[in-house]
Structures are given as structure tokens and as C-alpha cells.
Amino acid sequence: MKKFYGFKKIKTAVFISGKGSNLKNLIKFSLSKNSPIDICLVISSNPKAKGLNFAKKYNIEKKVISLSKKKSGENKIIQILKKNNIKLICLAGFMKILSKDFIKKFNGKILNIHPSLLPKYKGLNTHQRAIANNEKYSGCTVHFVNSKLDSGKTILQKRIRINKLDTPSKLAKKVLKLEHALYPKAILSLYSNL
Ligand code: GRF
């Protein structure tokens, strides 16, 4: 059993749909002594998600669950979460919207990272919209997940200046770097008092 300063680490599942750079970063964080989480499960909504390779590399159980039929897909996920005794869910580039029922079951135990300074720019194409609106700053937010899209309580936020030469993809790269620093920090801020 993995320990965090003498306490059991929190059994955590990461949900992905794509590249999985946040997943990789969270796995590395989870392996450090001062991390309160133990990532023991990766759920992907997409069989082609590159992030699944990180689960393989680090020998973490992984499951691909289609959510095209939401109810039955979520039921499958719930079974797997129960079986693995998962106490925390980190969404990391997970492109599906979970149902109210699912969120209720894990109330306060689902975190997400979003590439904007919420409440600004919920949803997709955040960088494109921030640049088009001549925003001075962009950034990222780690928040609790509630039943409304990108609307749960903010845990931590980090901002970055948008400069004139930034394109949406340049800005996305910069913000992604910030995300990698912010997600572990947000988790530590929640669980360092165990
Ligand atoms: C990140 O920008 C995340 O905030 C957003 O989707 C992107 C996923 O990147 N929701 P990755 O799959 O973690 O590399």
C-alpha cells in the first residue's frame, strides 16, 4: 500500500480522451513521496487516445469505455470505480460531459482542469476566443465538477499574459505548461492536511 507521510494515498482515477499530457504529469506527481494521490486507474472515452500509452508505460490499469450510450457507459465506469475503491476522479482532457446522477454519486470528489480563467471561456476553443476578444491574460483553472459545464467551485487558477504574437496554438502550448504545474498544486492544496 502506498503511503503519504504515513497515511494511505488517495486512490485516484484519471479520465482522459486525448493526448494525456496532464495524465502523464499527474502520474509523475503521484509517484513522488509528497503526493497524496495514488493513480490506480485510467478511464478513456476514446479507444485511440494517445494518453492510454502512459497508463501502459506506468503499469496502471486502463479501461476504454464508450459513452455514446451515456447511461450504460457511466454504469460501467461506476462498477470499475467501485471495484478499484476509487475515492478521487481527476478529469484531464476528458471530452465528455458526465451526467448529473454520476456527479452526484461522487460529489466533491471530481476535479477538472480547464484552459481558461474561468468563469471566462467555458467550453471549447478557449484560446481562440480569448485572443479574438483581445484579452490581456489567459490561463487555466482547476475546479470541482458540478452539474453545469466548467462551473464548479474554483480550487486554483494561474494566469499568463497574452502577447501580440500569440496564435491559439502557441497560447495553448504555454497554457498547457501552466496546467502541468497547477493540477498537482491544486491537489496538494486540497489534501495536504490529511
Ligand atoms: C488541456 O488543455 C485541458 O485543460 C483541456 O484539454 C487539454 C488536454 O490536454 N481540457 P492533455 O490531453 O492533458 O495533453
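Atoms within each ligand, like the ligands themselves, are counted from 1 in listed order.
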Using a 4.0 Å cut-off on heavy atoms, what residues surround ligand 1? Order them by chain and number. Lys19, Gly20, Ser21, Asn22, Gly93, Ile113, Pro115, Leu176, Glu179
For Tyr58 together with Phe54, are the ring centres under 6.0 Å from each other? no
Could you list the donor-acceptor pairs under 3.5 angstrom formed by side chains in residues 11-27, with sequence neighbours left out?
residue	atom	partner	partner atom	Å
Thr12	OG1	Ile10	O	2.8
Ser17	OG	Ser45	OG	2.7
Ser17	OG	Met95	N	2.8
Ser21	OG	His180	NE2	2.9
Asn22	ND2	Glu179	OE1	3.0
Asn25	ND2	His180	O	2.7

With sequence neighbours excluded, what pairs up with Asn34 under the side chain to side chain contact (heavy atoms under 4.5 Å, CB included) test? Tyr5, Ser32
Take a 6.0 Å sphere around CD1 of Ile97 and say whether it holds more than 12 heavy atoms from other residues, nucleotides or ligands. no
Can you give each donor-acceptor pair under 3.5 Å made by side-chain atoms of residues 148-164, sequence neighbours left out, with the distance rounded to 0.1 Å?
residue	atom	partner	partner atom	Å
Asp150	OD2	His114	ND1	3.3
Asp150	OD2	Gly123	N	2.8
Ser151	OG	Lys122	NZ	3.3
Ser151	OG	Leu149	O	2.8
Gln157	NE2	Leu118	O	2.8
Gln157	NE2	Thr141	OG1	2.9
Arg161	NH1	Tyr137	OH	3.4
Asn163	OD1	Leu165	N	3.1
Asn163	OD1	Asp166	N	3.3

Would Lys120 and Glu135 satisfy salt bridge (Lys or Arg N to Asp or Glu O under 4.0 Å), going step by step from the backbone distance to the final call? CA-CA 10 Å; Lys120 285 188 166 178; Glu135 294 284 359; 3.1 Å; yes
